[in-house]
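Worksheet: the structure to be examined is printed underneath.
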Amino acid sequence: MWMADVIKLLDQAYFSKDDLVSLLAADESDTKLIFKKAAEVREKYVGKKVFFRGLIEYSNKCAKNCLYCGIRCGNTKVQRYEMTEEEVLEAATFAFKNNYGSIVIQSGERQDKRFTETIIHLLEKIKALSEGKLGVTLSLGEQTEETYKKWFDHGGHRYLLRIEVSNRELYAKLHPNDHLHSYDQRLEALKTLKKLGYQAGTGVMIGLPYQTIRDLADDLIFFREFDIDMIGMGPYIEHAETPLYGVYESVIPLNERFRLALKMIAILRIMMKDINIAATTAMQTIDKQGREKAIMVGANIIMPNLTPVKYRENYLLYENKPCIDEEAEECMSCLEARIHLAGATIGYGEWGDSKHFNHRFPTQPTD
Ligand code: SAH
Ligand code: SF4
């Protein structure tokens, strides 16, 4: 594209699918313009602050068998764990004392009563130890409306449930063909979360086998149409113990996947100016400065890992995950310096709610 054309396109209030495809396919010099615009939009609409969500990978026990995921139930080489209550509360206390503002509790998906009740119990304890000050995001997969409601009533107020891919046929190719892995159910679950009043987050993997640029353009349109509050998306990364390993159909090299993921973040920031966008760990897996680069092109959320080191090697959704041998404090100090280098500041002690959500519900209390 001519430079003037890109600049004109980026100023449009609305991108069509064709616009999105040409932005996603932009060459290096056009991409720089996209990144520049995204940085301006970020600063204008959500400011310079980056918010922390301390990540607690509560358990790798999972009833599902997604074809891309390293902790799928079919992978018998993984040693399964569940953090103890004490360990979860210790991690939450660390987050609270270090002014993180929020935590994320993530886990493999289970719907059994013991699991759902344990989460309620943990939510109660976390609220108590922080006098209600620590924000809690849940990322515990698909659950019944009743369970989502209970967790919401006990203080979970944000929920991350990636659609993974918005294209129904592609979804079917990446999941077993059974009732546990239904695109419609996942979509329904997202709708339920929104209906119940959660700040709803979703996202996709970028650079999957069979995935095209047009699919990614559809993903961006899906986020806009769903009017989503938060996004966590990152590159797909192979895991040897999964059925998708070795499938190379339309697979692009890791460095291109990373570049594409940065473009997705930047374009989404320009499209949905006031949402929260995470700089995900998968970005850092490919490029050591991946999260900082994501911040520079529009992301405003970082999830420092608070999972005890002894469990980390068993929570490998994909290979080469970074920081698996570092304690929380070490991660913390390197992160702070890195964020400042990316020209951002840290919103210590703030919930850092999605401004988009607050605009949707202007009467809701924020911090
Ligand atoms: N079980 C929950 C939460 C844990 S999985 C759920 O599935 O929602 C969290 C995310 O990890 C998934 O949504 C998926 O997008 C991502 N993930 C899984 N395998 C991956 C891989 N091989 N590469 C990149 N991301 C992956
Ligand atoms: Fe389980 Fe989530 Fe991995 Fe699917 S992506 S296998 S639900 S942990």
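Order of listing sets the numbers, starting from 1, for every ligand and every atom in it. The structure presented is a predicted model; accordingly, all values stated were derived computationally and were not measured.
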Flag the pair [X] and [Y] as a salt bridge only when some basic side-chain nitrogen lies within less than 4.0 angstrom of an acidic carboxylate oxygen.
X	Y	result
E57	R312	no
E87	K310	yes
R158	D353	yes
D218	R214	no
K36	E40	yes
R114	D112	no

Item to check | Backbone N/O of L24 and side chain of K263: donor-acceptor pair under 3.5 Å | outcome: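 Yes.
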Next on the checklist: Determine whether a donor-acceptor pair (N or O, by modelled atom type, separation under 3.5 Å) exists between the side chain of D19 and the backbone of S16.
Outcome noted: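 Yes, the answer is positive, given that a donor and an acceptor are paired below the 3.5 Å cut-off.
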Checklist entry - Can a protein heavy atom be found under 4.0 Å away from atom 2 (Fe) of ligand 2? => result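 There is no protein heavy atom less than 4.0 Å from atom 2 (Fe) of ligand 2.
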Tabulating one pair per line, provide the atom names and distances (0.1 Å) for every N/O atom of ligand 1 that is less than 3.5 Å from a protein N/O atom.
{"residue": "ligand 1", "atom": "1 (N)", "partner": "S107", "partner atom": "O", "Å": "3.0"}
{"residue": "ligand 1", "atom": "8 (O)", "partner": "R186", "partner atom": "NH2", "Å": "3.0"}
{"residue": "ligand 1", "atom": "13 (O)", "partner": "E164", "partner atom": "OE1", "Å": "3.3"}
{"residue": "ligand 1", "atom": "13 (O)", "partner": "E164", "partner atom": "OE2", "Å": "2.6"}
{"residue": "ligand 1", "atom": "15 (O)", "partner": "R162", "partner atom": "NH1", "Å": "2.8"}
{"residue": "ligand 1", "atom": "15 (O)", "partner": "E164", "partner atom": "OE1", "Å": "2.5"}
{"residue": "ligand 1", "atom": "22 (N)", "partner": "Y68", "partner atom": "O", "Å": "2.9"}
{"residue": "ligand 1", "atom": "22 (N)", "partner": "I237", "partner atom": "O", "Å": "2.8"}
{"residue": "ligand 1", "atom": "23 (N)", "partner": "I237", "partner atom": "N", "Å": "3.0"}
{"residue": "ligand 1", "atom": "23 (N)", "partner": "I237", "partner atom": "O", "Å": "3.4"}

Checklist entry - If waters are left out, how many protein N/O/S atoms lie within less than 2.8 Å of atom 3 (Fe) of ligand 2? => result 1
Next on the checklist: Is the positively charged end of R269 above the ring of Y45, judged by distance under 6.0 angstrom from the centroid and angle within 45° of the axis?
Outcome noted: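 The answer is no; the distance or angle limit is not met.
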Checklist entry - Can you tell if the side chain of I228 reaches within under 4.5 Å of the side chain of F223, non-hydrogen atoms only? => result yes
